[in-house]
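Take a look at the structure set out below.
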Amino acid sequence: MWFKLGICSAILVFLVSFEREAYHSAFPAWKAGEEYVFSYENEMIAYSDISKIYSNDTSKKRRVFFGNEHLQGLKIHVSATIRQIILYAGKDNSLSIFQIDSPEIDAENSEGMFDIASVKNDITKPVIVGYDAVGHMMNIRIDSSISFSSERFLKDILSHFQFVRSVSDKNQWEETEDNANGKYNVRYRFLKKESNSSEYEKIKTGYLDMVSMNKAQHLEVESNGRILVDSNGILKTVHISEAEFALLGADTISAGGSRYSINLSKQQTVSTDALASFSKLLSSPSYTKHSSLNAVHSEREIRELAYKHRLGHDNFESLQKKLTSVLDSASKDKLILQFRALAYLFPTECTKMAELLSAVTPESKTYNIILIALAQAETSASVNALVAVLYNRRNELRVAMDILPILATTKAPTKQAAEIINKLAFDEKENETLRSLAQLSLAGLAYSFRKTDPERTQFITGTIYNSPLLDKDTLQKILCLANTGSLSAFPYLRGI
């Protein structure tokens, strides 16, 4: 988990009469066609222990954060020249182009997290940024061809250029701002005025909403920053240091620190042709999507990024070799997560995993790892792989008892799973215990189909009610019908 730390750029307020005059010019006195060239540098270090999120072992949650065997570290250094070109500057809003030139990204322990070469290429594409009257970045338009990870990179950098002025004449005020992690509170304070510059303090005080955290998690923030603007409110320097700690309950799951600086190196006027070229981006098909700094990506996009990070450069063959090694608890947990990522990202590999699962004994570590990985992947391919193993090994009650409950509660029910379980549930030649388990599992599938295929839910409910086998076991029939969660089950239940 990354902890990039947001903070920003350009405006503010004073208190006495001459300070009021400075306040009125606090928002940058931008003019269309002006270009500001900044040097940008960001150093970030982060540590995470995501095993605490997935583990059911409560003793693990009492471990000291630093020094445990699951801890993963990441260091990133980013430097670049960043140009801001003003397309439009009005009283209530303005429009800029940000262009990142010659980015350098050095990363340690980032293997599998993101493709550095791809990110460096993506973030050099211009970004359109709209500001409101007080300096919030309200409308972000990024080239639609760039990747999700590159977009996060860009938004993180942009958020460091925010500097929101006060709507009053106070020398201290609070605001809310956005970054790639979410929405947070920030406190500004006027420090001093020297010559043609004014200095401000900026401190992030805490997050209001997080983009990718569950309700049980929260983020604690420590920050300290200084911002310097000239007499026209133009950003001159930003120097910010921050630390963020993600907690699950009272337990630290990740910690990170960041230090970034922005320095104005040049102010100039762009040519008419260059301004016209940038203006054409406003009507470009590649820039039709409007976003914000903390725009929520789909659960699928976030999961894919996390799984790509988890899988790294491994594939089925390399993971299979790891199964032959002696595995401690931590290595076993990691391998489960890698096989789960493989199943999710590459559906055709589920067939290989099913073949492996069909060939090993239920007591083996391979059986346990592959079974859990396919169960946690919760995709159509992983469900079909499990039901194929179930049918092939239907004479092994232990296997049936392992797989049927998984299929009964899956979030990715499939037609193939329903047909095979239906066959096992009502075939008098099958073992009675297997039939009973399959009937309950089929009812669970009916419940899972309610939103995606309500007609199949009704069909399964009717099949259960009309089954001659279940006429001999009224209690089992009631349990199965109740488990379907279908409204169509009520008339049947009244008739029993």
Side-chain angles (χ1 to χ4, degrees), residues 1-7 37-50 71-83 97-127 129 140 142-161 179-181 211-212 240-242 244 246 254-263 286 291 293-295 297-298 300-315 318-319 334 337-338 341-342 344-346:
M1 182 176 184
W2 297 7
F3 291 96
K4 320 187 172 151
L5 313 152
I7 316 266
V37 182
F38 300 93
S39 63
Y40 173 87
E41 187 170 7
N42 185 7
E43 293 180 276
M44 187 271 290
I45 184 169
Y47 296 93
S48 64
D49 182 7
I50 62 172
L71 201 63
Q72 298 178 359
L74 172 68
K75 295 181 180 180
I76 298 178
H77 178 267
V78 181
S79 61
T81 297
I82 301 180
R83 294 184 290 139
I97 292 285
F98 277 85
Q99 174 79 62
I100 298 177
D101 295 328
S102 306
E104 292 295 333
I105 302 174
D106 297 315
E108 295 180 23
N109 302 324
S110 64
E111 187 172 327
M113 179 174 288
F114 59 92
D115 183 338
I116 292 179
S118 176
V119 170
K120 286 175 65 175
N121 179 66
D122 281 348
I123 65 175
T124 59
K125 297 175 181 178
V127 183
V129 178
I140 314 293
I142 296 174
D143 190 304
S144 58
S145 67
I146 77 168
S147 69
F148 168 58
S149 53
S150 297
E151 183 177 336
R152 277 190 63 90
F153 239 93
L154 264 176
K155 288 183 176 180
D156 182 64
I157 292 172
L158 289 174
S159 68
H160 297 160
F161 282 80
N179 64 14
N181 291 327
V211 170
S212 57
I240 304 287
S241 297
E242 296 183 343
E244 297 182 348
S254 58
S258 176
R259 180 176 58 203
Y260 62 87
S261 63
I262 300 169
N263 294 282
S286 298
S291 183
L293 288 175
N294 69 348
H297 288 268
S298 70
R300 180 178 177 179
E301 289 175 318
I302 295 172
R303 185 174 296 169
E304 282 184 359
L305 183 65
Y307 284 179
K308 285 177 181 177
H309 173 211
R310 173 57 62 186
L311 183 59
H313 296 299
D314 278 303
N315 55 27
S318 63
L319 293 179
K334 181 178 179 180
L337 295 177
Q338 284 192 290
L342 180 73
Y344 185 90
L345 295 171
F346 303 99

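Predicted, not measured: the structure shown is a model, and the values here were computed from it. Any value given below was found using the heavy atoms of this structure, including those in side chains, with hydrogens, waters and symmetry copies removed.
Taking NE2 from H77 and CE from M44, the interatomic distance works out to 12.0 Å, rounded to the nearest 0.5 Å. Rounded to the nearest 0.5 Å, atoms CD1 (I116) and CG (D106) are 7.5 Å apart. Here the CG-CD1 distance, from N42 to I76, works out to 8.5 Å after rounding to the nearest 0.5 Å. For the atom pair CD (E244) and CG (N181), the distance works out to 6.0 Å, reported to the nearest 0.5 Å. One finds the CZ atom of F153 at 4.0 Å from the CD1 atom of I105 (value rounded to the nearest 0.5 Å). Within the model, atoms CG of L337 and OH of Y307 stand 8.0 Å from one another, a figure rounded to the nearest 0.5 Å.
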Could you walk me through whether N179 and R152 pass side chain to side chain donor-acceptor pair (under 3.5 Å), step by step? CA-CA 9 Å; N179 64 14; R152 277 190 63 90; over 6 Å; no
Could you walk me through whether S150 and K120 pass side chain to side chain donor-acceptor pair (under 3.5 Å), step by step? CA-CA 8 Å; S150 297; K120 286 175 65 175; over 6 Å; no
Just do the side-chain contact (heavy atoms from CB on, under 4.5 Å) check on S149 and K308 with the steps written out, would you? CA-CA 11 Å; S149 53; K308 285 177 181 177; over 6 Å; no
Run the side-chain contact (heavy atoms from CB on, under 4.5 Å) check on T81 and V37 step by step: do they pass? CA-CA 7 Å; T81 297; V37 182; 3.6 Å; yes
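Applying the side chain to side chain contact (heavy atoms under 4.5 Å, CB included) test between F98 and each of I140, I142, L154, V129 identifies V129 as the sole match.
Every residue meeting the side-chain hydrogen bond (donor to acceptor under 3.5 Å, both in side chains) condition with E43, not counting sequence neighbours, appears here in chain and number order: R259. Residues satisfying the side chain to side chain contact (heavy atoms under 4.5 Å, CB included) criterion with S261, sequence neighbours excluded, are E41, H239, N263. Taking S102 as the reference, nothing meets the side chain to side chain contact (heavy atoms under 4.5 Å, CB included) condition, with sequence neighbours excluded.
Between I97 and V127, every side-chain heavy-atom pair lies at or beyond the 4.5 Å cut-off. With contacts defined as side-chain heavy-atom distances shorter than 4.5 Å, the pair S39/I262 does not qualify. Side-chain contact between H313 and S318: absent, with no pair of heavy atoms (C-beta onward) separated by less than 4.5 Å. The shortest distance between side-chain heavy atoms of F148 and E304 does not fall below 4.5 Å.
Closest approach of R83 to D101, counting heavy atoms only: NE-OD2, 2.8 Å. Of all heavy-atom pairs spanning I146 and K125, the tightest one is CG2-CD, 3.7 Å. Contact record, Q338 with L319: OE1-CD2, 3.6 Å, taken as the closest heavy-atom pair.
Remark: the backbone N or O of N121 is paired with a side-chain donor or acceptor of T124 at under 3.5 angstrom.
The number of heavy-atom neighbours closer than 6.0 Å to NZ of K334, taken from other residues, nucleotides and ligands shown, is 12 or below.
Ring pair F161/F38 is perpendicular by interplanar angle, where above 60° counts as perpendicular and below 30° as parallel. Using bins of under 30°, 30° to 60° and over 60° for the plane-to-plane angle, the ring pair H160/Y40 lands in the parallel bin.
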